[in-house]
Each structure stands twice: as C-alpha cells, then as structure tokens.
Amino acid sequence: MYKYKISILGTGFIGLCSAACFAQKDIGVLASTHNEKKAEMINDGVAPFYEEGLEGIMKEVNQKNPDLLQCTLNQEKAVLETDISMITQGTPMRDDKSIKLDYIESTAKEIGQALKKKDSYHLVVVRSTVVPGTTRDLVGRIITEISGKEPGKDFGLCMQPEFLAEGRSIEDTLHPDRIVIGEFDKKSGDILEEFYQYFYGDHLENCPILRMNLESAELVKYGNNCLLATKISYANEFANFAELVPNVDVVQVMKGVGLDYRLNHRFLGAGVGFGGSCFPKDVNAIKAWAETKGYKPRLLDAVLGINDDQAIHVVDLAEELVNDLKGKRITLLGLAFKPGTDDMRQAPSIRIVNELRKRDVGEIIGYDPEAKETAREVFGNQINYADSVEEALKGSDCAILVTDWEDFKTITPETFKENLNNPNLVDGRRIFPFDEFSAKLNFKAIGRIKL
Ligand SMILES: NC(=O)c1ccc[n+]([C@@H]2O[C@H](COP(=O)([O-])OP(=O)(O)OC[C@H]3O[C@@H](n4cnc5c(N)ncnc54)[C@H](O)[C@@H]3O)[C@@H](O)[C@H]2O)c1
C-alpha cells in the first residue's frame, strides 16, 4: 500500500518527469496516454523521449517495483484507482495564436465520467499552463456537470503551475525554487501542500509554498514566462542600440546591467530571439486572452514584434556582407531553438529560413548536431542538411550562427576561411571572440559594430 496514489493525465515532458520523480519516492503513479506504443515503453521503464536523467529514474523505478509507475490507455481507470489526478496535457497555440484547450477539456470530461462512479473525495490538480479562468470555469464546471458532484465537498480543485525548463526537467522537479498552489478552497490546497511536504521532505526548507486562488496561480505562470521573454526582447532592443554606435558591445552593456542587485544576468543575452514550445505560445496566449476582455497588451505586442524582427535583422547583416543575397548559398549553424534539444517548435531558424527564401537565396544548408530529423519535419526540402560543420560551410557565401551549441564555440576562424567560398560570418548568438574574428573574417555580430 502506498501513502499516495496519483494519476498523471498526459505524459509529455511535464507529466512523465513528475511521474518518474514521484514514483522514485515510493508514490504510486498511474499515468495515462492515448498512445499505445508510449504506454508500452513507460510500462517497460523506457522513456519515450529524451530528457536528461529521465530514463535512468524510470529504469531504477521499474527494477525496484514495476507497479510504482504504470501507464494505462484508460484515463477513467487512472482516475478511479487513485486519490489525486494531475492534468498535464499539452495546451498548444491555435492558428489564431490563442490557446487550444481541447486536450484539457476532453480530460475534464473523462474525470467527470470517472467521478460519477466514485464515492470517495478526489483532488484534481491542473498543472498545464492555462489562461485565467480555465481551472474553475472549464475544468471545474465540466467535472461538476458530468459527475453531478459538488466541488469543495465531493472533489477538490487546484491549479499548480509548472516552472521547469526542458533540458533540466528532472533537476527542476526535484529542486523547485517555489511551489505555487492555486486553490478552489482551503481543503484542496491543504491536501496538495501535504502531498508536497511528503514528497520533498527536508528539501522544502528553502522552497516557499505560495497559496492563492485559482486564477492568480494561472496568471503567475504567464507572469513568469512573459517577463523572461521581455528580458530577451529588451536585450535585443539594446543590441540594436549598441549597433548605432561603433564599438559599443551589448554583451558588456548587459553584463553591467545584470550585476544590479535588483536584477539578474539571466535571459539578458542578445541574439536571434526566443523560440521553443513555451515562450511564443504563452506570450501569445495571454495576449489573445486579454484581447478577448477588451484590453490591448502593448508591452507584449512589442516583445513579440522585437522577437520577430531579430530574424530579419540577422538576415540583413548577412546581406550587408554579401551585398545581394539573391542566388547565394547560405549556411545556418544550428536549427534547434536552443542547445541541448532537438526541439524545433517556433525555432528562430524557421523565421530566418522564411526571410532568406523571401530574398531569393539560391540554397540554404543547415547543420545541427541533434535536430536534423526534427528540422526535416519542419523544412522538408526547403533547405539541405549537412552532417558536419565543414560540410555545411563548404562552398557557401555566408554562414549564420543560429544556435549556441557548445561544439560551435570551438570553431576557429581558419575553419570558416578554409571551407567558405567567401569568409562571411554572422554571429547571431555572440559566441565568437569579436576582435579575433573581425580581424580574420568578414564578420558581423548581433549587438556590436566595428569602427
Ligand atoms: N515543456 C515545458 O518545458 C513546460 C514547462 C512548463 C509548463 N509547461 C506546460 O505544461 C503543459 C504540458 O507541457 P508538455 O511539454 O509536457 O506537453 P506536450 O506537448 O509534451 O504534451 C503533453 C501531453 O498532451 C497530450 N497531447 C499533446 N498533443 C496532443 C494531441 N495532438 N492529441 C492528443 N493529446 C495530445 C498528450 O497526452 C501529451 O503527452 C503545457 O501546458 C505546457 O505549456 C511546459
């Protein structure tokens, strides 16, 4: 018998990383998915996607006791056999850039069906990023209508936003800097807080638990991601200021800014802009949500506008080096939205490729140490794919550094010179030493121009 039995409804990054970490601490977890292959893999202790440390924990748990982490295709069963259900479904961006809540809605329906048959109290926790009002007015309402049960009496409702970053999911799950609990009522929040006291034990000493209402908790998550995105666009705006004055370097400027005790240096790196599965989607989602309420979010409009323009700016820099991009062969070093992942969702490379194509380049050749296959799904034959830096550079008229992979930091000016048709390089992430590269190549970098 376990002290807790939890169902995790949705087995993406958030769901599976939580599931594995809970199971490692002897909490019984029943995850659910609609994907048969994925369920089989999870039941065999195999991670269905790459995330540092995840497979190790899943294997360890599976060897210790396979029952600790099980996955089912039957969501209703997962709810019926547990006391707490966490909703960790995806909340992607629609074509009109608003949030798509379909997977949250269908999960709420299944929870409602299950609770109709359940006599004991059940706690439902929304962990996905959802716009304010979703937990109460969509999830809570649907469960109430379908189950006939009363929130606060027969079932509890919480919203606990997730702050982990892909690539550090396990580390962030085990060592959160705070836990935010949005609660329908005190009982719901008490149960969730007790659960985390049990899960984290002594680790919670340096981790505040903040309790608030459901809508505030929903908004905390957007507040967080929007501020991080704003810092990036702010750094990019200052990169553009720096380029108005010879030999001003945005890297030094942001270092000076970031040392202020009221700020910190993180997310002040100027570059080709943000991408990935969260920032673009979340900034757009909360903006679209505010607009439905009659509010025009000017700051977030600017954040997104600056971000889109960075891709055009980097192509402008390349054009300045080669005079006219028409018919030229251009190399992109890095395609994934950040290093350490093959994730291509909303990657800046997509905006850069679109802009290069608008300017009629002859050929785009891309190289990424991890994202070749995922990039192929996005670009198809719009670009060609190289298997090495050298192959990507061979015979090109200009290279643009797009993703700051560690491996790229050691490429020498000589390698660019030996392989490129013309030694033109744009550093879109400020990873190369400016003086050395400017002396040896036709070199342009975000946030600094030469005298
Ligand atoms: N990934 C992150 O770094 C991160 C960080 C913090 C918060 N979040 C939020 O957590 C939630 C889950 O994120 P994730 O990255 O784990 O999500 P994900 O995209 O990996 O999807 C999670 C699950 O949603 C369901 N789903 C997704 N697409 C579906 C489809 N087309 N049809 C049916 N089901 C589908 C599946 O069960 C899937 O396993 C989102 O709201 C996200 O914004 C994500």
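None of the values given here were measured: they were computed from a predicted structure. Both counts, for ligands and for their atoms, begin at 1 and track the order of listing.
Each of E150, K118, K149 was compared with F155 under the side chain to side chain contact (heavy atoms under 4.5 Å, CB included) criterion, and only K149 meets it.
K372 forms no cation-pi arrangement with Y385, by the criterion of a distance under 6.0 Å to the ring centre and an angle within 45° of the ring axis. Both cation-pi conditions hold for K187 and Y121: the charged atom is under 6.0 angstrom from the six-membered ring centre and inside a 45 degree cone around its axis.
Sorted by chain and number, the residues within 4.0 Å of ligand 1 by heavy atom are G10, T11, G12, F13, I14, K38, T88, Q89, G90, T91, Y103, S128, T129, E162, L164, E166, K221, C278, K281, R345.
The main-chain N or O of G140 is found under 3.5 Å from a side-chain atom of T144 such that the two form a donor-acceptor pair.
Aromatic rings from F238 and F241 are positioned such that their centres are separated by under 6.0 Å.
Residues passing the side-chain contact (heavy atoms from CB on, under 4.5 Å) test with I209, sequence neighbours excluded: I179, I181, E193, Q197, L204, R211.
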